[in-house]
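Beneath this line is the structure, given in structure tokens, with notes to follow.
Just so you know, these numbers come straight off a predicted model, no measurement behind them.
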Amino acid sequence: MSQFDVAIIGSGPGGYVAAIRCAQLGFKTAIIEKYSVLGGTCLNVGCIPSKALLASSHHYHDAVAHFEEHGIEVGKVKLNLEKMIGRKQAVVDQTTGGIKFLMDKNKITVFEGIGSFEDATHVKVTKNDGSSETIEAKYSIIATGSKPSNLPFITLDKDRLITSTEALKLKEVPKHLVIIGGGVIGIELGQVYLRLGAQVSVVEFMDRIIPGMDASLSKELTKVLKKQGMKFYTSHKVKSVNRKGKAVTVEAETPKGEILSLEGDYCLVSVGRRPYTDGLNADKAGVKVTDRGQIEVNDHLQTSVSNIYAIGDVVRGAMLAHKAEEEGVMVAEILAGQKPHIDYNLIPGVVYTWPEVAAVGKTEEQLKEEGVAFKSGSFPFKALGRARAGGDTDGFVKILADTKTDEVLGVHMIGPRCADLIAEAVTAMEFRASAEDISRMSHAHPTFAEAVKEAALAATDNRALHV
């Protein structure tokens, strides 16, 4: 029987990063992955492929809608969806291949198969051919991730009634794509196919899209996407979804109690994700699972069994790849006797539409609910020279700061390159910066980042310079 210091079940961003950090710290490490490729949801059917399609569709849309205004005449633009999907897969293959290289480089043993506990120190690996082997591990880290959720009355056929996984490999552009769920995944994939020529309708149960983010971001993104042609039906409760031939009918109850009927040729069900523990046999090891299907952990990500830890989508908190990575590093360093920490308030959230949406810290709604006195400063991208030069003038940056201390409590932005700009806010908040601190820092001109400085100035006695 092979023996290891640490066995990690799942090779997504949480699992493979945990494996690398464990190996760096001198642990003999194994990683168990049920599929033939490493990388989990994020690299194979999540973050990476969706961003590849967002990038390709953005180029296509620019060529169709914006090149001419820049003085670029290209004639009739033709879409080759098969090639676009093929490029996406090439990006995925290169990225997952890179993870295999990192496993080899760090001398991490990779087992292909389903990892299931036999007890607290033994994990059985069942391979695709039915054979199995058992390994012994002093410590185990559960990093089995999540799967798309569904509504109980919807039967997904993965042909016309699809999840995000199938939406990444369609063989045609839908004529009318109906999306159930106005969260990050649905909105991102909706914009991909909107750019490629589909009619896109989003049905959302809550009163706004991206409901977990600051309301001002939701309002602005809705306005911009409506301008691009996307249709929204918020505060609508889906009652039934049926397919007949190539037609899919979605019926939803409106806020007035009436029934809205939408007919499309594809329906993307994007109502969140659920923790994935199928086949794990957590109970055999004594690991407790919550009513929501999450692995129960303490502040050190330790399960109810002292030598078993859990990270990422399978535990509480936001289902984000970078959150899982931080947790993977944290557990590895705890096992090595170090004292790492994670400030979950400072894990940023991003929507990779264009304009991009990003946020860190508290929203206005949260601060009001908590009774915290705050001040707000905003700056619109349309007042920024770099934004006008590139033609990307939608959106704004908003900074929320404590009224008494001026400490930055939250930063919320929608606009060009906000997925990257949010890192400045995270850095500032990690060091307990005030709005005044950010406003005094020199920002290169002309850049999109100047909007952050101007928002800080606006939050500091309303001193923004360019509005």
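Of all heavy-atom pairs spanning His236 and Pro255, the tightest one is CE1-CD, 3.5 Å. Minimum heavy-atom separation, Ala456 to Ala435: CB-O, 3.4 Å. Heavy-atom minimum distance, Phe379 versus Ala455: CB-N, 3.8 Å. Across all their heavy atoms, Leu400 and Lys362 have their closest contact at CD1-O, 3.5 Å. Nearest heavy-atom pair, Met213 versus Ala359, reported as atom, atom and distance to 0.1 Å: CE-CB, 3.8 Å.
For Asp104, the CG atom counts as densely surrounded, since its 6.0 Å shell holds more than 12 non-hydrogen atoms of other residues, nucleotides or ligands. The environment of CZ in Phe153 is crowded: more than 12 heavy-atom neighbours from other residues, nucleotides or ligands sit within 6.0 Å. Shown here is Lys231, whose NZ atom has no more than 12 heavy atoms of other residues, nucleotides or ligands within 6.0 Å. Residue Arg273 qualifies as enclosed at atom CZ: its count of foreign heavy atoms under 6.0 Å is above 12. Taking a 6.0 Å sphere around CD of Glu365, one finds it holds more than 12 heavy atoms contributed by other residues, nucleotides or ligands.
With a 4.5 Å cut-off on side-chain heavy atoms, Leu217 and Phe396 count as touching. A heavy-atom distance below 4.5 Å is found between the side chains of Lys398 and Ser216. Looking only at side-chain heavy atoms (C-beta outward), Glu251 and Leu260 stay at 4.5 Å or farther from each other. Within the 4.5 Å cutoff, side-chain heavy atoms of Val467 are placed close to those of Pro380. Annotation: side chain of Ile342 is not in contact with side chain of Val329 (no heavy-atom distance under 4.5 Å). Between Leu189 and Ile179, the closest side-chain pair of non-hydrogen atoms is not below 4.5 Å. Val248 is not listed as a side-chain neighbour of Val178, based on a closest heavy-atom distance of 4.5 Å or more. Taking 4.5 Å as the limit, some side-chain heavy atom of Val269 sits within range of a side-chain heavy atom of Cys267.
Ile8 contributes atom CD1, which lies 12.5 Å from atom CZ of Arg21 (distance to the nearest 0.5 angstrom). Separating the OG1 atom in Thr165 from the CG atom in Asn44 is a distance of 10.0 Å, to the nearest 0.5 Å. Rounding to the nearest 0.5 Å places CG of Leu177 at 9.5 Å from CG of Leu194. Put simply, CG on Leu81 and OH on Tyr60 are 10.5 Å apart, with the number rounded to the nearest 0.5 Å. Atom OH of Tyr16 sits about 10.0 Å away from atom CD1 of Ile31, to the nearest 0.5 Å. The CD1 atom of Ile187 sits 6.0 Å away from atom CG of Leu225, with the distance rounded to the nearest 0.5 Å.
When Lys227, Gln228, Lys382 are each tested for a side-chain hydrogen bond (donor to acceptor under 3.5 Å, both in side chains) with Asp394, only one passes: Lys227. Each of Asp159, Thr155, Thr249 was scored for a side-chain hydrogen bond (donor to acceptor under 3.5 Å, both in side chains) with Arg243, with one residue passing: Asp159. Just one residue in the list Glu172, Lys175, Glu166 forms a side-chain hydrogen bond (donor to acceptor under 3.5 Å, both in side chains) with Tyr266, and that residue is Glu172.
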Next on the checklist: Please determine whether salt bridge (charged side-chain N to carboxylate O under 4.0 Å, His left out) holds for the pair Lys223 and Glu220, giving the CA-CA distance in whole Å, both sets of side-chain angles, and the decisive distance to 0.1 Å.
Outcome noted: CA-CA 5 Å; Lys223 183 183 79 173; Glu220 181 72 7; 3.3 Å; yes

Next on the checklist: Checking Arg440 against Glu436 for the salt bridge (charged side-chain N to carboxylate O under 4.0 Å, His left out) test, could you report, in this order, the C-alpha distance in whole Å, the side-chain angles of both residues, the deciding distance, and whether it holds?
Outcome noted: CA-CA 6 Å; Arg440 295 289 179 184; Glu436 176 83 12; 2.7 Å; yes

Checklist entry - Between Asp313 and Ser146, does a side chain to side chain donor-acceptor pair (under 3.5 Å) hold up when you go through it step by step? => result CA-CA 6 Å; Asp313 288 4; Ser146 62; 2.7 Å; yes

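Listed by first and then second residue, the ring-ring contact (aromatic ring centres under 6.0 Å, His included) pairs involving residues 432-467 amount to none (not counting sequence neighbours).
At distances below 3.5 Å, at least one donor-acceptor pair connects side-chain atoms of Asp437 with backbone N or O atoms of Ser434. The backbone N or O of Leu367 sits nowhere less than 3.5 Å from a side-chain atom of Glu370 that would complete a donor-acceptor pair. Side chain of Arg316 to main chain of Val297: a donor-acceptor pair is present (N/O by atom type, distance under 3.5 Å, no hydrogens or angles). Distance alone, capped at 3.5 Å, places no donor-acceptor pair between the Glu454 side chain and the Ala464 backbone.
Stacking of Lys237 on the aromatic ring of Phe205 is not recorded, the 6.0 Å distance cut-off and the 45° axial limit not both being met.
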